[in-house]
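Order of the sequence lines fixes the chain letters, A, B, ..., with proteins taken first and strands second; residue numbering starts at 1 for each chain. For the numbers below, each heavy atom of this structure counts, side chains included, while hydrogens, waters and symmetry mates do not. Predicted, not measured: the structure shown is a model, and the values here were computed from it.
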Amino acid sequence: MPIASLTTGVIARIMHGEDVPQPVLQILGIKRINTNTDQERFRLLMSDGKYYNSYAMLASQLNEMQHKGLLNENTIVRLDKYMTSMVGKEGSGKRVLIVTEVTVLNSGDEVKTKIGEPVTYENAAKQDTVPKAAPVTASAPVKKEQSYNNNNNNNNNNTMNSTMNGTLNASLTHPIASLSPYQNKWVIKARVTSKTAIRTWSNARGEGKLFSMDLMDESGEIRATAFKEQCDKFYDLIEVGNVYFFSKCQLKPANKQYSQLKNDYEMTFTGETMVQLCDEDDNGGIPEIKFDLIPISQVSNMENKEAVDTIGICKEVGELQTFTSRTTNKEFKKRELTLVDMSNAAVTLTLWGDEAVNFDGHVQPVILVKGSRINEFNGGKSLSMGGGSILKINPDIPEAHKLRGWFDNGGGDNISTMVSARTGGGSFSTDWVTLKDARIRNLGSGDKPDYFQCKAVVHIVKQENAFYKACPQTDCNKKVVDEGNGQYRCERCNAAFPNFKYRLLINMSIGDWTSNRWVTCFSEVGEQLLKHSAQEVGDALENDPATAEKMFSDINFSSYIFKLRCKNEMYGDMTRNKLTVQSMSPINYREYNKHLIKELKEMTGIGPAN
DNA sequence: CCCCCCCC
């Protein structure tokens, strides 16, 4: 007999109430379930090759087929008659598929294997467009003793996924996506994708400690939390990346406010909870932790609070900072890293707690982060570790080795996009203003500086006085006085040093389509502009005019989006309007065109001005 | 039963 084709995707339709005639499905498992009566009932795990459904039952008149071994694993069947029915509480119930007439098309021995890589229909249905048909009118309510809410039953041996001899019988595990508070006889086989540190709490309702972890299998993900005794019992056993069998946890609705996982429920460990490490050779079917690595430059285009997986070199590492939260009065420790990657972008990543304390960034390791959150402030976006985030230092993956090679060969010297740079002025968006309009509108004449952005081209960068020798102390950029004896004196620090650091103070002319202006760049932007460190620029200007000339002329006639600070300043008795470059970034044409289209609409009155 | 991750 040729192997029959499954009616791909039909389970999602059926479980949405559609009456599809004679669907062809594969049986992936069949188990006797407990009922509160002596009546024998069989539960089926059915697949259509795309989705599976573990909420299927065999009508008792068909039990004989199972006794004869006709419905073994992998059997392909045609459902000649079936119905669906809601069980469980009003509004929160599950739809159960009840099979009343069935024809075997291919025996399990003939088929031998699972067809396709089915996922749970509940998960998949959210992204698929499933036509919503009227519920099947023929569905009769399932009697309680026939439903799965058989929690009072003592005889575990016949349950699907039973607990045997104190170890977890994993021959047929439940998909995470099928877990619900209405059914607690299950074993899941799941990979731990993240684990929090142990945290203590103390409030009006009591005190205690806990840790939580995120679990994942092919069907979905769920958060699990272990309190107090369970926290102590399981904390060391649980390792991120390992696969375990879990059973006997309590399910409850997830508070979406606190969890970004795609699951309506979350689990709490109980005194009965069992956790057992799964051998590596038995891990099949449990996906590896997936990193959707995005280039750092792309973070600029993402929304506040979005999750980011990325990889970069820790180019700079900040000091450990300790502070007390004003809202909670709790003490926090944090450390900020600067990550760079081959998109020539840099972003700040904040580590917390022990991860911040123990971090050693001086070796400039490769940092891989999963599930970090975007925090937006004044137009800059930075990343922060939070619940569910994973940090890996020097992970052994090709991307990491590639980055290492890139960075060790000077790759990180040409950072052009500062994702975390703030535009200042306290506003989240910077107005687009042309250079001419900035003059006409007298920007910068108020008490506070004005900030605006424009697209402009670099005309010429002045080499004269492009750098100065500054105090070598961190956080002091004051110009030093060369005392002529190998000592450099800083008036602010009131000290002399044998060394100094170069700082940039670059004047250049930029132009947009309306006008041109001289603007000033300080070191951070200047390094970005010239694609060399202040040290290299200073060295070249002092010792190597040809190299300096190339550095300065290379960027002529290149266009950027400039974010500018505009302020009137007094020079003696003269007031001059001064423009300082806050940041410059390559032109994001998608964003820039949006701005142009908006202006066109406003100008012409055609279309809404958004 | 937690659910805090500040500030600019």
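- Between Y258(A) and dC3(B), a base-stacking contact is recorded: ring centres under 5.5 Å apart, planes less than 30° from parallel.
- No contact: R373(A) has no heavy atom under 4.0 Å from any strand.
- Taking atom OH of Y265(A) as the reference point, atom C1' of dC3(B) lies 20 Å away to the nearest angstrom.
- Residue contacts for K252(A): at a heavy-atom cut-off of 4.0 Å it reaches a base atom on one of the strands shown.
- Stacking annotation: F227(A) is stacked on the base of dC1(B) (ring centroids less than 5.5 angstrom apart, interplanar angle below 30 degrees).
- Remark: C1' of dC7(B) and CD of E331(A) are 15 Å apart, rounded to the nearest angstrom.
- Going from atom CZ of R205(A) over to atom P of dC4(B) covers 11 Å, rounded to whole Å.
- Stacking of K189(A) on the aromatic ring of F245(A) is not recorded, the 6.0 Å distance cut-off and the 45° axial limit not both being met.
- Within the nucleic acid shown, T225(A) comes within 4.0 Å of at least one base atom, counting heavy atoms only.
- Among the atoms of the strands shown, base atoms are found under 4.0 Å from some heavy atom of G387(A).
- Distance CG (L210(A)) to P (dC3(B)): 7 Å, rounded to an integer number of Å.
- Atom CZ of F332(A) and atom C1' of dC3(B) are 12 Å apart (whole Å).
- With sequence neighbours excluded, no residue forms a side-chain contact (heavy atoms from CB on, under 4.5 Å) with D236(A).
- Atom CD in E376(A) sits about 18 Å away from atom P in dC5(B), given to the nearest Å.
- Between W201(A) and dC2(B), no base-stacking contact is recorded for ring centres under 5.5 Å apart and planes less than 30° from parallel.
- In terms of the side-chain contact (heavy atoms from CB on, under 4.5 Å) criterion, residue partners of D437(A) (sequence neighbours excluded) are, by chain and number, V433(A), T434(A), I440(A), R441(A).
- We find that CD of E336(A) is positioned 11 Å from C1' of dC6(B), with the value rounded to whole Å.
- For the 3.5 Å distance criterion, the side chains of N344(A) and S416(A) fail to qualify, holding no donor opposite an acceptor.
- In this model, a side-chain donor or acceptor of K334(A) finds a partner on the base of dC6(B) within 3.5 Å.
- No more than 12 heavy atoms of other residues, nucleotides or ligands sit less than 6.0 Å from atom NZ of K479(A).
- Using a 4.0 Å cut-off, no side-chain N or O of N375(A) falls inside it from OP1 or OP2 of dC5(B).
- Comparing dC2(B), dC6(B), dC8(B) by their closest approach to the side chain of F377(A) singles out dC8(B).
- Between F269(A) and F246(A), the ring planes are tilted. Angles from 30° to 60° get that label.
- Note: CG (N203(A)) to C1' (dC4(B)) measures 12 Å, nearest angstrom.
- Side-chain to base pairing of E207(A) with dC2(B): no donor and acceptor N or O lie closer than 3.5 Å to each other.
- At a cut-off of 3.5 angstrom, counting only N and O atoms as typed in the model, there is a donor on one side and an acceptor on the other between the side-chain of E266(A) and the base of dC3(B).
- Checking the phosphate oxygens (OP1, OP2) of dC2(B), no side-chain nitrogen or oxygen of K228(A) falls inside 4.0 Å.
- A donor N or O paired with an acceptor N or O is found under 3.5 Å between the base of dC3(B) and the side-chain atoms of R223(A).
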